[in-house]
Peer 1: 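This structure is in structure tokens; I'll ask about it shortly.
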Amino acid sequence: MPRNIDVLFKQSDPPGPDRRLLDSVMAAVARERRRDLFFRRLPLLGSGLAMSGAAAAYAVVLAVADASRSGLAGFLSMIVTDTGAVFASWKDYLLSLIDALPVVPLAGVCAALFVFFVLLRRLDGMLAPPPRLHHI
């Protein structure tokens, strides 16, 4: 009888791991790496988003103050009230309107919003799941 059991164990294949085991282990490793990168970069991205948002708000305040000092509201209200005079001398009016625009604060607003949206896109890329996992 012992010989039959030995023959039986010699003929059967040894038990092996499930075929999906490597995929599940690699997925768990990838999730852990992404989580670690997320928690390392989150404070930097959060502070960058806060500073660029504050810079955008401050630049908007400066743009509104410069626009009110330069008389931009008067030029814009003239479009509604005296349209005939504006159309009659539109070249002079356009040059005066361009001269009254607060260019530097508006450029600051655009730059701060650009940085804010770039950082927000980076944060979204970190939060989104990966399209596919890399296999070894």
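All values below come from the heavy atoms of this structure, side chains included, with hydrogens, waters and symmetry mates left out. Since we're looking at a predicted model, the values are computed, not measured.
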Peer 1: According to a hydrophobic-cluster definition based on side-chain heavy atoms being under 4.5 Å apart (Ile, Leu, Val, Met, Phe, Trp, Tyr only), do L49 and F117 belong together?
Peer 2: yes
Peer 1: Does L95 belong to the same Ile/Leu/Val/Met/Phe/Trp/Tyr cluster as L101, with side-chain heavy atoms less than 4.5 Å apart forming each link?
Peer 2: no
Peer 1: Minimum heavy-atom separation for L106 and A63, please, with both atom names.
Peer 2: CD2-CB, 4.1 Å
Peer 1: Looking at every non-hydrogen atom in both residues, tell me the closest pair between P102 and D66 and how far apart they are.
Peer 2: CB-CB, 3.5 Å
Peer 1: Just so I know, are the side chains of L42 and L123 near enough to count as touching, which here means a heavy-atom distance under 4.5 Å?
Peer 2: yes
Peer 1: How close do G53 and F116 get, counting heavy atoms only, and between which atoms?
Peer 2: N-CD1, 4.0 Å
Peer 1: If every non-hydrogen atom of G48 is compared with every non-hydrogen atom of L119, which pair is closest and at what distance?
Peer 2: C-CD1, 3.4 Å
Peer 1: So, T83 side chain and V80 main chain: donor-acceptor pair closer than 3.5 Å or not?
Peer 2: no
Peer 1: Could you tell me the separation between the CG atom of D36 and the CZ atom of R41, rounded to the nearest 0.5 Å?
Peer 2: 10.0 Å
Peer 1: Would you mind telling me which of V64, D99, L97 makes a side-chain contact (heavy atoms from CB on, under 4.5 Å) with L72?
Peer 2: L97
Peer 1: Heavy atoms, side chains only, cut-off 4.5 Å: are L120 and D124 in contact?
Peer 2: no
Peer 1: In this structure, would M126 and F39 fall into the same cluster of hydrophobic residues linked by side-chain contacts under 4.5 Å?
Peer 2: yes
